**Q** 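Pasting in a structure now, in structure tokens, and then I'll have a few things to ask.
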Amino acid sequence: LFRSKHQQENATCLKESENLLKDLFLDVDKAKRLKHPQGPEIEKDIQNLDERLSQQCSEYRDLYEKFSLPQIGAKVNWHHVLDQKQRELDQGQYGPGLAEVEKQVAQRNILRQQIGR
């Protein structure tokens with residue numbers, strides 16, 4: 001699965017933030033157990049951080065999980081294509097009537113433009 005540089009960076013930052021937030025929740029529990037005087041305020045701040053991170057994760061999913069790049073199929077072998085068109089030019093024969101000759105000259109000109117010769 002293809003991931004852009006920015007998508008990978010964002011995923012890494014969000015994962016790191018989740019790990020840090022988990023540690024903060026453990027610290028809040030410890031502060032509450034030890035009856036830290038600012039325990040309730042610290043807990044509220046960590047909950048606000050958790051809400052912000054949840055929102056950012058939601059935005060990440062909305063942006064990247066709904067966005068999909070088409071799968072890149074086989075690439076064109078331009079060398080082969082140009083060689084084939086050159087062979088068509090080299091083997092070109094002209095028809096018996098003027099209308100056929102004009103048509104074949106037009107086709108030859110198109111082929112020459114396509115291969116740049």
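None of these values were measured; they are calculated from a predicted model.
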**Q** Taking side chain to side chain donor-acceptor pair (under 3.5 Å) as the cut-off, I'd like each qualifying pair that reaches into residues 44-55, sequence neighbours left out, listed once.
**A** Gln55-Glu59
**Q** Atom CD of Glu9 and atom CG of Leu14: how far apart are they, to the nearest 0.5 Å?
**A** 12.0 Å
**Q** Please set out all donor-acceptor pairs under 3.5 angstrom arising from side-chain atoms of residues 18-36, sequence neighbours excluded.
**A**
from, atom 1, to, atom 2, distance (Å)
Asn19, ND2, Lys15, O, 3.4
Lys32, NZ, Glu43, OE2, 3.1
His36, ND1, Gln38, N, 3.0

**Q** Do you see a donor-acceptor pair shorter than 3.5 Å between the side chains of His6 and Asn10?
**A** no
**Q** For the atom pair CD (Gln56) and OG (Ser17), what is the distance rounded to the nearest 0.5 Å?
**A** 7.0 Å
